Every structure is written in C-alpha cells, then in structure tokens.
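Report on the following structure.
This structure is a prediction, so every number in the text was calculated from the model and none was measured.
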Amino acid sequence: MAMVLGKPGVDGLGEVVGVLPEWQYDGAPMQLHPGDLGWFWRFGAQATAEAVRTWSRDGRILAVGLLDGHDLLRLTIAPDAHRDEELARQLVDDVTEPERGVLEEGTAYVEAPRGALIHELLFEDGWNTDEPWTPLRRDLTEPVQDPGVRVEVIGPAQAHVRAAVQRASFDRSTFTDERWHTMAAGLPYADARCLVAYDDQGNAVAAVTVWSAGPGRPGLLEPMGVHRAHRGHGYGTAVTVAAAAALRELGSSSAIVCTPSSNVGAVATYTSAGFQRLPEVRDRRRDGWAVHPRS
C-alpha cells in the first residue's frame with residue numbers, strides 16, 4: 001500500500017503518544033521523544049494536533065513529525081524503518097513541497113535521527129547541515145546521589161512557582177500558570193514530573209520537567225532552567241541530579257537531554273550532574289539563516 005501523510009487530529013493524538021515510547025531505547029540516536037510532544041502540549045491539545053504529522057503504511061505509523069514553529073520539523077522514525085527507501089523519499093517530497101502542508105517555502109530545518117536515510121537524500125537535494133547540538137545521557141542503573149538542595153515535585157497548587165522560574169530562566173519564555181495546567185492535562189504528562197529547587201532562604205532557584213517513556217526506556221529532561229538571579233551557585237547541577245533521580249523512580253533506564261553545543265555552560269552543567277556527552281548532531285537546513293534560532 002502507498003505511504004500516507006496524515007494529521008492525527010485531537011482524537012488521534014493518543015495513538016501518536018502510544019507509539020513514540022516504543023521507539024525509545026538505550027543507544028538510540030537522539031530523536032523526538034514523548035516528552036517533546038508533552039512540552040509542546042502547553043499550547044493545548046488542538047495546537048499540538050495541528051503541529052503533528054504522521055507517515056503510515058498498511059495502517060502502521062512509521063514516522064512522526066512535530067512542527068516546532070513554521071520552519072522546523074522535528075522528525076523521528078520507527079527503528080526498523082530508518083533506511084526504508086520508500087519512506088525516506090516520501091518524507092523528502094513532503095518536506096520539500098509546501099503544498100503538502102508540512103514545511104513552508106524558504107528557510108526550513110529538519111531534525112531526524114542520526115543514520116536515517118532522509119539525511120542523505122536531503123543532502124542530495126541541496127540541504128546543508130545546521131549548527132551542532134550535544135546530546136547527553138546518564139545511566140540510571142545505580143541510585144542517584146542526593147542533590148544537596150531542597151527539591152519539590154510541583155502540583156497544581158504550585159504551578160505559579162514553576163511558571164515563574166521558567167520565565168526567569170529564559171528571556172523569551174511565555175510560560176504561564178495556565179499553560180502549566182494545560183500541559184499537565186495532556187496525555188504525556190501522566191508519566192512526567194515538574195521539579196523546583198530552593199535555596200536556603202526558600203527562594204525558588206531552578207526548575208526542570210522530566211518525561212518518562214515507560215519503564216526500561218530513556219527519560220527526557222525538557223526543559224531545565226536556572227533563575228537568572230541565582231546563577232553560578234550550582235543549582236542547575238543540583239536540579240539536574242534531582243531530575244535523574246525522579247526519572248529513576250519512574251522506571252527510566254537512563255536520562256537524556258540535548259542542548260546547543262555553543263551553550264558551553266549548559267553542557268558543563270549536565271556533565272557535572274553525571275551526564276556523558278554523546279556525538280554531536282545537526283539538523284538539515286534549507287539555506288537561509290546561518291543559525292536556527294530555536295530555544
């Protein structure tokens with residue numbers, strides 16, 4: 001049967017959320033994680049459904065894409081379909097031709113798993129590589145050390161605290177209490193936790209959200225931030241250690257995160273929290289801007 005490009009709609013998001021964890025495994029290339037969908041869910045189920053694309057054959061989903069803005073497709077592919085030529089060529093056609101409703105004309109980016117055939121085909125089609133990102137991983141086989149600061153799991157009553165730290169950590173953040181509640185009502189958040197770290201004076205100084213993909217699978221940190229007024233005191237490392245511990249409690253086999261390689265401070269924070277650097281990854285870029293400004 002032919003490959004089918006689809007938009008799941010709100011009613012179809014459950015199937016997408018169900019298939020993404022199955023594609024996560026230790027040693028997998030950095031790829032779209034259920035937590036990426038969960039974090040996007042802060043904009044609402046309808047917006048999430050509008051941003052998701054699926055590619056299916058014989059009724060089986062083989063690839064899932066998340067439009068993270070109008071110009072970036074974050075794509076992942078079933079592990080046994082990374083080198084599927086029919087799928088790869090369909091993906092290239094769909095991301096290249098604007099009338100297919102995936103990416104618009106002009107500058108565009110495609111994030112896809114390392115080693116997937118689509119990288120080679122996009123290169124042949126004139127797409128270049130974008131700036132490097134650094135994936136990092138921490139094995140969770142052994143117990144995680146104490147973070148050394150007070151860390152609380154955030155529930156609905158403390159949503160305003162989590163939202164405030166997010167806005168104080170990222171200059172362009174639009175995260176609000178309402179968006180936290182929207183995110184927490186989403187399907188992926190059933191296996192997620194928001195954590196906030198406090199200093200000795202009781203100030204909320206850092207925050208992170210962790211997303212499980214199920215027992216025995218890698219869990220994701222997305223996002224982690226330190227309040228701009230409290231940087232330089234090790235709170236990023238502390239809350240990252242707490243994030244790893246929370247994922248271990250959720251049954252995750254490892255904790256993963258990805259950050260721009262140019263953000264040397266973030267890379268240093270994660271490595272100091274016991275994460276190991278993995279080979280850099282790069283998006284495919286249809287030329288325009290020299291650097292993709294995603295955050």
Do any side-chain atoms of residues 146-157 form donor-acceptor pairs under 3.5 angstrom with protein atoms, and if so which ones, sequence neighbours left out?
unit_1	atom_1	unit_2	atom_2	d
Asp146	OD1	Gly148	N	2.7
Arg150	NH1	Glu152	OE2	2.4

Can you list, pair by pair, the side-chain donor-acceptor contacts under 3.5 Å of residues 44-51, counting residues two or more places apart and other chains?
unit_1	atom_1	unit_2	atom_2	d
Gln46	NE2	Glu50	OE2	3.3
Thr48	OG1	Gly44	O	2.8
Glu50	OE1	Lys7	NZ	3.0

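For Trp39 and Tyr189, the ring centers sit 6.0 Å or farther from each other.
Through direct or indirect side-chain contacts shorter than 4.5 Å among Ile, Leu, Val, Met, Phe, Trp and Tyr, Trp41 is connected to Leu13, Val16, Val17, Val19, Leu20, Trp23, Leu32, Leu37, Phe40, Phe43, Val52, Ile61, Val64, Leu66, Leu187. When hydrophobic residues (I, L, V, M, F, W, Y) are linked wherever their side-chain heavy atoms come within less than 4.5 Å, the members clustered with Leu121 are Met3, Leu5, Trp55, Leu62, Leu67, Leu73, Leu75, Ile77, Leu87, Leu91, Val92, Val95, Val102, Leu103, Val110, Leu117, Ile118, Leu122, Trp127.
Thr209 pairs by the side chain to side chain donor-acceptor pair (under 3.5 Å) definition with Arg162, not counting sequence neighbours. For Asn128, the side chain to side chain donor-acceptor pair (under 3.5 Å) partners are Asp287, not counting sequence neighbours. When the side chain to side chain donor-acceptor pair (under 3.5 Å) test is applied to Arg60, the partners found at least two apart in sequence or on another chain are Asp80. Residues forming a ring-ring contact (aromatic ring centres under 6.0 Å, His included) with His230 (at least two apart in sequence, or on another chain): His227. Remark: Arg282 engages no residue in a side chain to side chain donor-acceptor pair (under 3.5 Å) (not counting sequence neighbours). The ring-ring contact (aromatic ring centres under 6.0 Å, His included) search around His233 returns Tyr235, not counting sequence neighbours.
A donor-acceptor pair under 3.5 Å is formed between the side chain of Arg217 and the backbone N or O of Gln24.
In this structure, Glu86 pairs ionically with Arg57, as a charged nitrogen and a carboxylate oxygen lie closer than 4.0 Å. Between Asp36 and Arg74, at least one side-chain N (NZ, or NE/NH1/NH2) sits under 4.0 Å from a carboxylate O, which counts as a salt bridge. Under 4.0 Å is where a charged nitrogen must lie from a carboxylate oxygen, and between Arg137 and Asp26 at least one such pair does. Of the charged side-chain nitrogens involved, none lies within less than 4.0 Å of a carboxylate oxygen, so that Arg179 and Asp177 do not count as a salt-bridged pair.
In this structure, a donor-acceptor pair under 3.5 Å is present between the side chains of Ser272 and Thr237.
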- Message: If you apply the rule side-chain hydrogen bond (donor to acceptor under 3.5 Å, both in side chains), what do you find for Glu280 with Ser261, and how did you get there?
- Response: CA-CA 8 Å; Glu280 289 181 328; Ser261 299; 2.8 Å; yes
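The salt bridge (Lys or Arg N to Asp or Glu O under 4.0 Å) analysis of residues 187-204, with sequence neighbours excluded, yields no pairs. Pairs passing the salt bridge (Lys or Arg N to Asp or Glu O under 4.0 Å) check and including a residue from residues 114-123, sequence neighbours excluded, read Arg83-Glu120.
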